[in-house]
Each structure stands twice: as structure tokens, then as C-alpha cells.
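Before any comments, here is the structure.
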Number of protein chains: 2
Amino acid sequence: MKGKDKFKQYLKNRNLKFTPERKDILEAVFSLNSHFDIEQLQQKLKKMNKKISRATVYRTLPLLIESNLIKETLHCQSRVKYERIYGHLPHDHMVCLRCGKIIEFRNEEIEKLQMDTCRDKGFFPVEHRLGIKGYCKECAEKLKLDINSKKVYSKK
Amino acid sequence: MKGKDKFKQYLKNRNLKFTPERKDILEAVFSLNSHFDIEQLQQKLKKMNKKISRATVYRTLPLLIESNLIKETLHCQSRVKYERIYGHLPHDHMVCLRCGKIIEFRNEEIEKLQMDTCRDKGFFPVEHRLGIKGYCKECAEKLKLDINSKKVYSKK
DNA sequence: CATATAATTGAGATTACGTCTCAATTAATA
DNA sequence: TATTAATTGAGACGTAATCTCAATTATATG
């Protein structure tokens with residue numbers, strides 16, 4: 001697992017220690033679905049029979065973010081969500097308001113336009129986050145929503 | 001103020017009451033900068049000499065959202081931010097990580113591409129949110145960040 | 001206009017989520 | 001193996017937001 005090495009490297013660079021707790025958390029993160037929240041992470045650790053305190057879990061996440069293995073994603077229903085990014089290309093999300101499904105998509109054209117806009121404004125981007133909330137195909141059908149209807153964003 | 005009528009209408013449709021508290025909160029929202037958080041809203045109400053309980057303020061915001069007068073925006077520094085949308089065209093945001101400044105921008109091309117992507121996936125969009133975090137022109141200069149540097153999003 | 005009724009309010013308790021403190025432990029290094 | 005600074009866990013704490021419930025009030029109706 002190369003993510004592990006990246007993490008070790010990051011820790012070493014900062015004179016931080018690669019502790020068993022950090023190792024376990026890293027493994028849990030890599031064994032979870034790429035989108036997860038703290039709750040799910042703690043569940044996973046429990047299943048792995050690792051008793052790691054809440055504080056440690058919370059303390060470790062910023063380290064994983066700093067080492068570019070995960071990032072924060074959409075806040076959905078007020079809970080912070082994380083997402084493994086190691087080995088993934090950047091992408092954006094659609095979230096279904098009915099079933100909660102997350103659809104990833106990537107559109108280079110959108111990314112390019114974002115960059116252009118930043119340049120226009122003299123803004124130095126660090127991170128962007130695009131989330132579209134709505135209804136996935138299946139749920140839209142159940143709700144008889146017409147995907148082709150024009151009025152999508154309220155105009156006033 | 002037409003926003004008021006829209007709110008009244010919404011309330012009536014649901015058999016909800018247009019109480020003085022709701023009226024005051026609505027007025028406060030419309031007298032604030034278009035981006036605000038609960039803290040600022042409460043301050044405003046205080047200045048208006050309206051003593052309205054926290055619970056009522058919290059209870060009213062979802063009503064204003066439901067009636068399309070405001071929406072939730074970027075969570076910045078863990079606090080939920082709201083934004084008045086009544087009478088505004090949809091737009092997106094850049095947030096400066098150093099000074100907190102919010103820059104609004106609108107790019108129809110990006111919006112169009114989003115719509116196209118939704119259509120591709122059969123996704124019925126309700127709301128989208130694009131936030132770019134980074135450094136505004138002034139802060140980028142102070143930090144000597146090069147806006148034209150290529151490596152903006154980490155690619156792996 | 002008076003009444004009935006369901007919605008609303010405020011105060012404070014409660015929850016949810018995350019952070020902090022500090023003594024005891026431990027990884028890394030030499 | 002000893003040294004030392006980083007780390008851990010338990011529980012206290014902080015803050016934002018929600019809930020409870022008795023008292024109040026906006027609205028519809030006769």
C-alpha cells in the first residue's frame with residue numbers, strides 16, 4: 001500500500017511518529033468506501049477490534065488531509081464528510097436528496113473555466129468543491145420529475 | 001418589499017402563521033449584507049431591539065430557505081453561512097483563506113456545463129454549490145503566491 | 001367581534017460534534 | 001538502553017443547534 005508510505009514520509013518530515021493508532025486509522029480509511037464520515041470510521045475501527053479514542057481519531061484526520069491522502073467533502077446533513085483522494089483524480093459530486101447516493105463526475109472543461117475565472121479575479125485557488133444536490137435517475141423517476149424541464153434553478 | 005409577500009404566501013400555503021417574530025427576522029435578513037450567519041442575524045435583531053429567542057431564529061431559517069428567500073452557502077470555519085437569494089441571480093464563491101473575503105462570480109458557461117453533466121447522468125438538479133478556497137489577490141501578493149503557477153490542484 | 005383551535009413562542013434542558021487538558025505512555029534516535 | 005519529545009486516552013469542556021413543554025397568539029369561523 002503506497003498510501004502508507006506517503007503518510008510515513010509526511011510524518012517523518014515533521015518529526016511526527018508513526019504510531020500503531022495512526023497505522024490502524026490509516027488502514028481503516030483505506031478499507032472504507034472512498035467517502036466516509038467519522039461515524040463510519042469509528043465503526044470500522046470497532047470492527048477491526050481497535051479501541052482508539054475519539055480524540056485520537058479526530059487528531060489524525062487533519063494529518064491525513066495534510067498528507068494529501070484524504071480531503072473534506074460536501075457537508076451533507078451537517079456532518080463533515082471525508083473522501084479518500086490518494087490515487088484518485090479530482091472530481092466533483094452529485095448527491096441524491098432522496099436516497100443519498102453520491103455520483104462522482106469529472107469535467108475538465110468546468111475545471112478549466114474555474115481556473116480561468118480565478119485568473120480573471122487574481123485569485124489563487126487552493127481547493128475547489130462543486131456539489132450538485134438533486135435527485136438521481138431512479139429517484140427522479142419515482143418522483144416523476146422531468147429531467148428535461150427547464151426551470152431548474154430558481155431565477156428569482 | 002416583495003420578499004415579504006413571498007414569505008407570507010409560503011406561510012399561508014402551509015397554514016403557518018405570519019407572526020411578529022417571523023416578520024422581524026425577515027426584516028433583519030433583508031437589512032443585512034447578503035451573506036450572513038446566525039451570529040450576525042442575532043446581532044442585528046438585538047440592534048433592532050427585538051428580543052427573539054434563539055430557538056425561534058433557528059426555527060425560522062428553514063422556513064426562509066423553503067420559501068426560496070435565502071439558502072445555505074459555504075460552511076466556512078465550521079459555521080453555517082446563509083445567503084439571501086431573493087432577487088439575486090445564482091452565482092458562486094471564492095473564499096479567501098487568509099482574510100475571509102468572499103468573492104462572488106457568475107459563469108454561465110460553467111452552469112451550462114453542469115446542466116449538461118446532469119443530463120448525461122440523468123440527474124435532476126435542485127441546487128448546486130461551487131466554492132473555491134484559496135487566496136484573494138491582495139493576500140496572494142502578501143504571501144508571494146504566484147497566481148500563474150501551474151500546479152494548482154494536486155494531481156495525485 | 002368573540003371564540004375556538006392549532007401553531008408558535010421562550011426558557012432552559014438536552015444533544016451532537018468536536019476540542020482541550022494533563023498525566024501516563026511510547027516511538028524514534030543516538 | 002537511555003533520552004526526549006510526541007502521543008495517547010479519559011473525561012472535562014465548548015459551541016452550535018435542537019428539543020420540550022407550558023403559556024401565548026394568529027387566524028378562521030360563526
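The structure presented is a predicted model; accordingly, all values stated were derived computationally and were not measured. Letters A, B, ... are given to chains in the order of the sequence lines, protein chains preceding strands, and every chain is numbered from 1.
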Could I get the full list of side-chain hydrogen bond (donor to acceptor under 3.5 Å, both in side chains) partners for [X], not counting sequence neighbours?
X	answer
B/Gln9	B/Asn13
B/Gln40	none
B/Glu141	none

Walk me through it: do A/Lys6 and A/Asn68 pass the test side-chain contact (heavy atoms from CB on, under 4.5 Å)? CA-CA 9 Å; A/Lys6 199 169 176 189; A/Asn68 271 309; 3.8 Å; yes
Could you check how far [atom1] of [X] sits from [atom2] of [N], rounded to whole Å?
X	N	atom1	atom2	value
A/Leu11	C/dT26	CG	P	19 Å
B/Arg22	D/dT25	CZ	P	15 Å
B/Gln40	D/dA16	CD	P	13 Å
B/Lys50	C/dG10	NZ	C1'	17 Å
A/Glu72	C/dG18	CD	C1'	12 Å
B/Leu61	D/dA17	CG	P	9 Å
B/Ile52	C/dT8	CD1	P	14 Å
B/Lys51	C/dA11	NZ	P	10 Å

Can you pull every protein N or O that's under 3.5 Å from an N or O on nucleotides 18-23 of chain D?
residue, atom, partner, partner atom, Å
D/dT18, O4, B/Arg54, NH1, 3.0

Residues forming a salt bridge (charged side-chain N to carboxylate O under 4.0 Å, His left out) with [X], sequence neighbours excluded:
X	answer
B/Lys8	none
A/Asp24	A/Lys50
B/Lys142	none

Among B/Lys81, B/His93, B/Arg84, which residue satisfies the side chain to side chain donor-acceptor pair (under 3.5 Å) criterion with B/His35? B/His93
Strictly under 3.5 Å: I want the nitrogen or oxygen pairs between protein and nucleotides 28-30 of chain C, one per line.
residue, atom, partner, partner atom, Å
C/dA28, OP1, A/Phe18, N, 3.0

Can you list the residues that meet the side-chain contact (heavy atoms from CB on, under 4.5 Å) rule with B/Gln43, with sequence neighbours excluded? B/Glu39
Which atom pairs, one a donor and one an acceptor, fall under 3.5 Å between side chains of residues 51-66 of chain A and the rest of the protein, sequence neighbours left out?
residue, atom, partner, partner atom, Å
A/Ser53, OG, A/Thr56, N, 3.3
A/Ser53, OG, A/Thr56, OG1, 3.2
A/Thr60, OG1, A/Thr56, O, 2.7
A/Glu66, OE1, A/Arg14, NH2, 3.4

Which of the following nucleotides, C/dG18, C/dT8, D/dA26, is nearest to the side chain of B/Pro20? D/dA26
Contacts of A/Phe36 that satisfy ring-ring contact (aromatic ring centres under 6.0 Å, His included) - sequence neighbours left out: A/Tyr82
For the helix from C/dC1-D/dG30 to C/dA30-D/dT1, what is the angle between the axes at its two ends, each from 5 pairs, rounded to 10°? 40°
